[in-house]
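Structure first, commentary second.
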Amino acid sequence: MIRKLAKSVREYKAASILAPLFISGEVLMEVLIPLIVARLINTGIEYKNAEGQVVGNIENLVTLGLILVACCIVSMIFGTLAGDFAAKASTGFAKNLRHDMFYKIQGYSFKNIDRFSSASLITRLTTDVNNVQMSYQMLIRIAVRSPIMIIMSFVMAFYIHPSMGTIFLCVVPVLAFGTILLIKLAFPKFIRLFKKLDDLNRVVQENLRGSRVVKSFVREDYETKKCKDVSNSIYDIAIKADTLVALNSPLMMICVYTCMLLISWVGANLIVVGDLTKGELTSMFTYASQILMNFMMLSMIFIMITMSRASAERITEVLDEVPDLQNPENPVTEVKDGSIEFKDVDFSYSNDMKKLCLSDVTLKINSGETVGIIGATGSSKSTLVQLIPRLYDTTAGKVLVGGIDVREYDIETLRDAVAMVLQKNVLFSGTIKENLRWGNENATDEELINACKLACADEFISTFPEGYDTFIEEGGTNVSGGQKQRLCIARALLKAPKILILDDSTSAVDTHTDALIRKAMSEYIPETTKIIIAQRISSIEHADKIVVLDEGKIVAVGNHEELLETCDIYKEVYSSQQKGGLS
């Protein structure tokens, strides 16, 4: 896990090394300062003359005072540089970690994303990375500073007086045992806490996306209660975890004050018998404070690492996840044409042959044909077309595009040749122009306007005060469903694909506009294979062939007239729509 995360340090290795080096210099100065203070007291303030009288030695006082100031200035410089490099290293590490995670997620198939859930991935990219960033900064700064400070303070304490140094050795085992016990008890609670944060993100995400539905069904109280329940669960777990962590502070204080009392008692006796000077006792108090405070800092680091260990494991899960869809060794990098062929295709989202969504699908579509797909809800129409750009791999059988198995293509090449307008149309925050250029980032304004005219989108864009520079809110909430669909169709047309898939993407437009869009497509991209999934027969009745799906199986293929004569399902749908006035 550590090796995997360490790969994200990259260009910040130098800063990660310099920070501990400067910290070592800072610690050296801080350890020397109490020794200089002891000398200053003994030979400057309490200097004895030839008659044995205690008088101040101004020369020693000034000399040692200047050395003390110099040590403080050097310590400050080293500390500032160490803090600067540690901040650069930790924030750079977090930046790279987010980049690596996001880049890895971009290569995930839908199956990979389903294993984590969107809410969980967001938590891992934000909260978990922040925890790891804080721990990394502590590791290259405090985790280096504290052990060096403890060791050097121990050395100086034993140098001043061995019996005084042994006092610290009595305290260390108590601190170590208490810290390890607290970490062991707290870690499982932090694991549960982060899982609950995933749930909170999911609840908030669903509520924000579905706010119109919530308000239309007057379910605000229900959603508020759901969010409150998750928040209360997080509160309960956090309180238990923080209570354990908080016990670290009183344990430290007990050890600190016990140590101070013992030093005071032993030191006073040693001064009386002449084995210890007042300056040395003063420095012992400083070293005691340094040792115990740095033990406290180490325990806080261990607790922070305990928290971030849970986060690090969750981040590593994302980085270690192997995408289900991989490029072959020598991928095909050109799609010859838009012909499509399904050969004995079976598909299951769980790869379980007993739970097939598509069964024994065999279908051939010639390049440039217009193909309609119709079927009841749940008949796997969308699943069928998602196999074409290899959003999923077949469980059995083959899908061929341009006469080549889709698994032999470079995935980017294949998907670049296929444009999809999905059921759930997605627009991104940005201007209309920026959204349209997802289809072709180099498209001119004239090409944008032409594509929008073909998709019947120009008519409503021109009514906006800012036209094509109109800002689209996140998710396209400031345009209607029909407008969103037409913008997505225009975006797909700009791609000039070999295969265009419209997955019920004109359901929110009227039949007249639907007919205009279909007519424009047949004239503008005649060589492009067009697959139209629709609920309205009027949207597909002029197609070269129509595929009727039922429970994941193809029950009939033919043109409109043939199916009216030979397919009962198609005839029934057509009759019901005629009676309902949908033709």
Side-chain angles (χ1 to χ4, degrees), residues 337-340 365-375 381 385 388 417-423 425 432 435-436 439-440 443-463 468 479-548 557-564 570 573-574 577-578 580-583:
D337 56 44
S339 62
I340 305 165
I365 300 170
N366 297 319
S367 183
E369 278 190 325
T370 299
V371 178
I373 300 178
I374 197 166
K381 302 184 295 295
V385 296
I388 297 169
V418 181
M420 291 189 72
V421 184
L422 302 170
Q423 277 180 309
N425 295 289
I432 289 176
N435 270 278
L436 291 172
N440 179 1
T444 63
D445 288 352
E446 291 74 18
E447 288 173 328
L448 297 181
I449 293 168
N450 186 45
C452 287
K453 285 180 178 178
L454 293 167
C456 297
D458 181 70
E459 59 188 45
F460 71 82
I461 295 173
S462 59
T463 63
Y468 283 80
V479 290
S480 69
Q483 290 172 339
K484 191 189 297 185
Q485 285 185 338
R486 284 178 276 174
L487 285 172
C488 290
I489 292 170
R491 181 173 65 188
L493 291 173
L494 279 166
K495 198 174 180 181
K498 287 185 168 63
I499 299 169
L500 175 63
I501 300 170
L502 303 178
D503 187 355
D504 205 16
S505 54
T506 57
S507 57
V509 302
D510 60 85
T511 52
H512 176 67
T513 303
D514 184 14
L516 290 175
I517 293 171
R518 284 186 282 107
K519 182 175 181 294
M521 284 193 298
S522 64
E523 295 174 354
Y524 179 66
I525 46 173
E527 296 180 359
T528 296
T529 304
K530 295 167 280 292
I531 299 176
I532 304 169
I533 296 176
Q535 298 295 333
R536 296 185 301 216
I537 286 181
S538 60
S539 298
I540 58 173
E541 62 180 331
H542 299 294
D544 297 312
K545 65 177 67 167
I546 299 169
V547 179
V548 182
V557 178
N559 60 35
H560 175 67
E561 289 75 17
E562 291 171 345
L563 291 175
L564 282 177
Y570 187 82
V573 173
Y574 180 74
Q577 291 184 4
Q578 287 284 64
L582 294 174
S583 60

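Here the straight-line distance linking atom CG of Leu502 with atom CD1 of Ile533 works out to 9.0 Å at 0.5 Å rounding. Considering CG of Leu563 and CD of Glu541, their distance stands at 12.0 Å, rounded to 0.5 Å. Atom NE2 in His560 sits 10.0 Å away from atom OG in Ser538 (nearest 0.5 Å). To the nearest 0.5 angstrom, Ile499 atom CD1 is 9.0 Å from Thr528 atom OG1. For the atom pair Leu448 CG and Arg491 CZ, the distance stands at 12.5 Å (nearest 0.5 Å). For the atom pair CD1 of Ile540 and OG1 of Thr370, the computed distance is 11.5 Å after rounding to the nearest 0.5 Å.
Between Ile546 and Tyr570, the shortest heavy-atom contact is CD1-OH, 3.4 Å. Across all non-hydrogen atoms, the minimal contact from Ala492 to Pro497 is O-CD, 3.7 Å. Between Asp504 and Gln485, the closest heavy-atom pair is O-NE2, 3.8 Å. Of all heavy-atom pairs between Glu459 and Ser462, the closest is O-OG, 3.1 Å. Listed here is the closest heavy atom pair of Leu436 and Ala490: CD2-CB, 3.9 Å. Between Ala451 and Leu494, the closest heavy-atom pair is CB-CG, 3.7 Å.
For CD of Glu561, the number of neighbouring non-hydrogen atoms (other residues, nucleotides, ligands) closer than 6.0 Å is greater than 12.
Under the rule for a side chain to side chain contact (heavy atoms under 4.5 Å, CB included), the partners of Glu369 that lie at least two apart in sequence or sit in another chain are Ile365, Asn366, Val371, Asp544, Lys545. Shown here are the side-chain hydrogen bond (donor to acceptor under 3.5 Å, both in side chains) partners of Ser539, two or more places apart in sequence or in another chain: Asp514. Asp337 meets the side chain to side chain contact (heavy atoms under 4.5 Å, CB included) test with Ser339, Ser367; sequence neighbours excluded. With sequence neighbours left out, Tyr468 forms a ring pair (Phe, Tyr, Trp, His ring centres under 6.0 Å) with no residue at all. For Asn450, the side chain to side chain contact (heavy atoms under 4.5 Å, CB included) criterion is met by Leu454, Tyr524, not counting sequence neighbours. In this structure, His542 has no side-chain hydrogen bond (donor to acceptor under 3.5 Å, both in side chains) partners at least two apart in sequence or on a different chain. In this structure, the side-chain hydrogen bond (donor to acceptor under 3.5 Å, both in side chains) partners of Glu523, at least two apart in sequence or on a different chain, are Lys519. Considering only residues two or more places apart in sequence or on other chains, Ala457 meets the side chain to side chain contact (heavy atoms under 4.5 Å, CB included) condition with Cys452, Phe460, Ile461, Arg486, Leu487.
Panel note: side chain Lys530, backbone Ala543; no donor-acceptor pair is recorded below 3.5 Å. A side-chain donor-acceptor contact under 3.5 Å links Thr529 to the backbone of Gly338. Of the possible polar contacts, one joining the Lys495 side chain to the Val418 backbone as a donor-acceptor pair under 3.5 Å is found. Proximity of a side-chain donor or acceptor of Gln535 to a complementary backbone N or O of Ile374 within less than 3.5 Å is not detected.
Judged as a salt bridge (charged side-chain N to carboxylate O under 4.0 Å, His left out), the pairs with a partner in residues 443-455 (not counting sequence neighbours) are, in order, Lys433-Asp445, Arg437-Asp445.
The shortest side-chain heavy-atom distance between Val385 and Ile373 falls under the 4.5 Å cut-off. Counting heavy atoms from C-beta on, the side chains of Asp503 and Val421 never come closer than 4.5 Å. Looking at Ile531 and Ile340, their side chains come closer than 4.5 Å, going by heavy atoms from C-beta outward.
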